[in-house]
Amino acid sequence: QEQLVESGGGVVQPGGSLRLSCTVSGGSFIGDVVDWYRRAPGKQRELIAAISSGGSTNYADSVKDRFTVSRDNAKNAVYLQMNSLKPEDTAVYYCHDRWLDRWGQGTQVTVSS
């Protein structure tokens with residue numbers, strides 16, 4: 001089964017921005033509903049954002065007004081724009097195809113001065 005692939009993670013200072021991307025390894029349709037999760041050290045996995053193929057979005061309170069999920073159906077990709085990053089946003093970020101229940105390998109985001 002083709003897997004999702006995340007990219008765009010890295011190290012950024014507090015207040016900075018990053019944009020994560022999620023694509024499919026073999027080019028198949030990325031999924032009708034795609035979620036973004038994160039797992040911080042010592043914490044449980046957290047659902048932070050979701051987007052449907054029609055563009056409807058949902059956000060966790062912890063990221064609302066700072067993060068924006070979007071998708072480009074022509075490019076078969078989903079994005080997570082993260083602004084005003086805080087140290088507590090440090091985590092491994094994963095995208096998830098809700099219909100096929102497939103995951104990416106994750107990308108590390110570290111927010112530190």
Side-chain angles (χ1 to χ4, degrees):
Q1 185 179 13
E2 296 173 331
Q3 297 299 311
L4 303 185
V5 179
E6 302 94 342
S7 61
V11 180
V12 63
Q13 292 186 342
S17 298
L18 283 174
R19 189 176 87 149
L20 306 183
S21 299
C22 175
T23 57
V24 184
S25 60
S28 64
F29 179 56
I30 195 169
D32 185 40
V33 178
V34 176
D35 306 308
W36 282 100
Y37 283 81
R38 67 184 181 187
R39 187 190 297 273
K43 295 188 178 181
Q44 291 191 337
R45 187 175 60 195
E46 176 188 16
L47 174 61
I48 58 170
I51 187 166
S52 71
S53 57
S56 297
T57 59
N58 285 289
Y59 298 94
D61 288 343
S62 58
V63 305
K64 196 174 294 184
D65 299 326
R66 299 188 299 122
F67 290 10
T68 303
V69 60
S70 61
R71 65 190 297 158
D72 185 335
N73 289 330
K75 294 183 178 179
N76 202 31
V78 172
Y79 308 99
L80 185 68
Q81 177 67 42
M82 306 186 296
N83 298 329
S84 302
L85 283 162
K86 305 174 181 180
E88 51 263 45
D89 293 319
T90 295
V92 179
Y93 285 71
Y94 303 87
C95 57
H96 173 244
D97 172 354
R98 195 180 294 182
W99 177 251
L100 293 179
D101 192 26
R102 56 182 176 177
W103 295 83
Q105 80 290 347
T107 186
Q108 176 71 47
V109 172
T110 302
V111 185
S112 175
S113 55

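Any value given below was found using the heavy atoms of this structure, including those in side chains, with hydrogens, waters and symmetry copies removed. Start at 1 with the first residue, then count along the sequence.
- The line from OH of Y93 to OG of S7 is 15.0 Å long, rounded to the nearest 0.5 Å.
- Centroid-to-centroid, the aromatic rings of W103 and Y37 come within less than 6.0 Å.
- In plain terms, the two heavy atoms of V92 and G106 that are nearest each other are CG1-CA, 3.8 Å.
- Contact check for W36 versus E6: side-chain heavy atoms found under the 4.5 Å cut-off.
- Between K86 and D89 no salt bridge is recorded (no basic side-chain N to carboxylate O distance below 4.0 Å).
- Minimum interatomic distance between A40 and T90 (heavy atoms only, all atoms of both residues): CB-O, 3.5 Å.
- In terms of heavy atoms, S84 sits closest to R66 at O-NH1, 3.0 Å.
- By the side chain to side chain donor-acceptor pair (under 3.5 Å) test, R98 pairs with D35, sequence neighbours left out.
- Residues M82 and T68 have side chains not in contact (no heavy-atom distance under 4.5 Å, counting atoms from C-beta outward).
- Taking the ring-ring contact (aromatic ring centres under 6.0 Å, His included) definition, one finds that Y79 meets it with nothing, sequence neighbours left out.
- Looking at R102, its side chain never comes within 3.5 Å of a backbone N or O of L4 through a donor-acceptor pair.
- Between E2 and G26, the shortest heavy-atom contact is OE2-CA, 2.8 Å.
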